[in-house]
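Here is the structure we will look at, set down as structure tokens.
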Amino acid sequence: GNEAILPGELVDRGRARIAEQLAAQPRQRARLLGVLGRIDRELGRSEQSLLSLREAIAIEREGGSAEHLAGYLITVGILENQNERPEEAVAALTEALQLLHGESGSPSLRVDALAGLALAQVRMGEGDRARASAFESLRLAEAFSGTDSPLVVSALQVVAEVQKAGGTAAFV
């Protein structure tokens, strides 16, 4: 009809249709749940986002893509950081980094995971670890995309936030 539908309602309807119509296609279901989780995050619906992402993670763990799994874990880590649950953030981001180790993992995902990990570590009072993670994120961003890319700017913001929270302005 002519009734207005809020974006969150559309996401909820989509989640219900995914469960119904893609029950026999777990990888497609995981990908769409990941998208809905990111949309919910953008809408400020953190708990709904976490539900979708955790379901996508469970599906990906059963034979899915390590890179997709890592991406979902990174988003969960960021959300857990925002929800003031740094221990959960560290667990998700550490697992993502393990999946992305070596040259086979996406450098941009590794930068995001390290940056999120640094922020969680600083929230937990682990200043030295947080600085190490932040600077590793910056080093990797510069190596991957040059010195004046959006990825480097993002990594520099994390370094600055960690440095400010850690009470030091020293730049390594």
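By convention here, the first residue in the shown sequence is residue 1. Given the structure is predicted, the values throughout are model-derived calculations rather than measurements.
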Q) Are E95 and R61 close enough for a salt bridge, meaning some N to O gap below 4.0 Å? A)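 A salt bridge is present here (some side-chain N lies under 4.0 Å from a carboxylate O).
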Q | Salt-bridge criterion met for R45 and D12 (N-O under 4.0 Å) | A |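 Answer for the salt bridge query: yes.
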Q: Can you sort out the partners of S65 under side-chain contact (heavy atoms from CB on, under 4.5 Å), two or more places apart, ordered by chain and number?
A: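 In terms of side-chain contact (heavy atoms from CB on, under 4.5 Å), with neighbours along the sequence ignored, S65 is linked to R31, E60, E67, H68.
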Q | By side-chain contact (heavy atoms from CB on, under 4.5 Å) - contacts of R123 (at least two apart) | A |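 By the side-chain contact (heavy atoms from CB on, under 4.5 Å) rule, R123 matches N81, E84, P86.
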Nearest 0.5 Å, what's the [atom1]-[atom2] distance between [X] and [Y]?
{"X": "S108", "Y": "L151", "atom1": "OG", "atom2": "CG", "result": "6.0 Å"}
{"X": "L140", "Y": "F135", "atom1": "CG", "atom2": "CZ", "result": "15.0 Å"}
{"X": "N83", "Y": "L50", "atom1": "CG", "atom2": "CG", "result": "6.0 Å"}
{"X": "L53", "Y": "L79", "atom1": "CG", "atom2": "CG", "result": "6.5 Å"}
{"X": "L93", "Y": "I78", "atom1": "CG", "atom2": "CD1", "result": "7.0 Å"}

What heavy-atom pair brings [X] and [Y] nearest, and what distance separates the two atoms?
{"X": "A155", "Y": "S137", "result": "CB-OG, 3.8 Å"}
{"X": "V90", "Y": "A120", "result": "CG2-CB, 3.6 Å"}
{"X": "A89", "Y": "G77", "result": "CB-O, 3.3 Å"}
{"X": "A134", "Y": "V158", "result": "CB-CG1, 4.2 Å"}
{"X": "Q121", "Y": "R129", "result": "OE1-O, 3.1 Å"}

Counting N and O atoms only, with roles assigned by atom type, does the side chain of [X] sit under 3.5 Å from a partner on the main chain of [Y], one being a donor and the other an acceptor?
{"X": "S154", "Y": "P150", "answer": "no"}
{"X": "R27", "Y": "G63", "answer": "yes"}
{"X": "T147", "Y": "E142", "answer": "no"}
{"X": "S133", "Y": "A118", "answer": "no"}

Q. Is the number of heavy atoms from other residues, nucleotides or ligands under 6.0 Å of Q28 CD greater than 12?
A.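 Counting neighbours around CD of Q28, 12 or fewer heavy atoms of other residues, nucleotides or ligands fall under 6.0 Å, so no.
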Q: List the steps and the verdict of salt bridge (Lys or Arg N to Asp or Glu O under 4.0 Å) for E80 and R54.
A: CA-CA 12 Å; E80 293 294 17; R54 287 193 173 116; 2.3 Å; yes
Q: Would you sort out whether R15 and S52 count as a side-chain hydrogen bond (donor to acceptor under 3.5 Å, both in side chains), showing the intermediate values?
A: CA-CA 8 Å; R15 189 177 296 108; S52 293; 2.6 Å; yes
Under 4.5 Å between any side-chain heavy atoms of [X] and [Y], yes or no?
{"X": "R110", "Y": "E136", "answer": "no"}
{"X": "L114", "Y": "L138", "answer": "no"}
{"X": "Y72", "Y": "R38", "answer": "yes"}
{"X": "R131", "Y": "D128", "answer": "yes"}

**Q.** Side-chain hydrophobic cluster, 4.5 Å single linkage: members besides L33
**A.**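 V11, I18, L22, L32, V35, L36, I39, L43, I59, which link up through side-chain heavy atoms under 4.5 Å apart, make up the rest of the cluster.
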Q | salt bridge (Lys or Arg N to Asp or Glu O under 4.0 Å) evaluation trace for E161 with K164 | A | CA-CA 5 Å; E161 190 170 332; K164 181 179 176 190; over 6 Å; no
Q) Is there a path from M124 to L97 through hydrophobic residues (I, L, V, M, F, W, Y) whose side chains come within less than 4.5 Å of each other? A)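 Yes; L97 is reachable from M124 via cluster members.
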Q) Under a single-linkage definition using a 4.5 Å side-chain heavy-atom cutoff for Ile, Leu, Val, Met, Phe, Trp and Tyr, are F144 and I74 assigned to the same hydrophobic cluster? A)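 Result: yes, single cluster for both.
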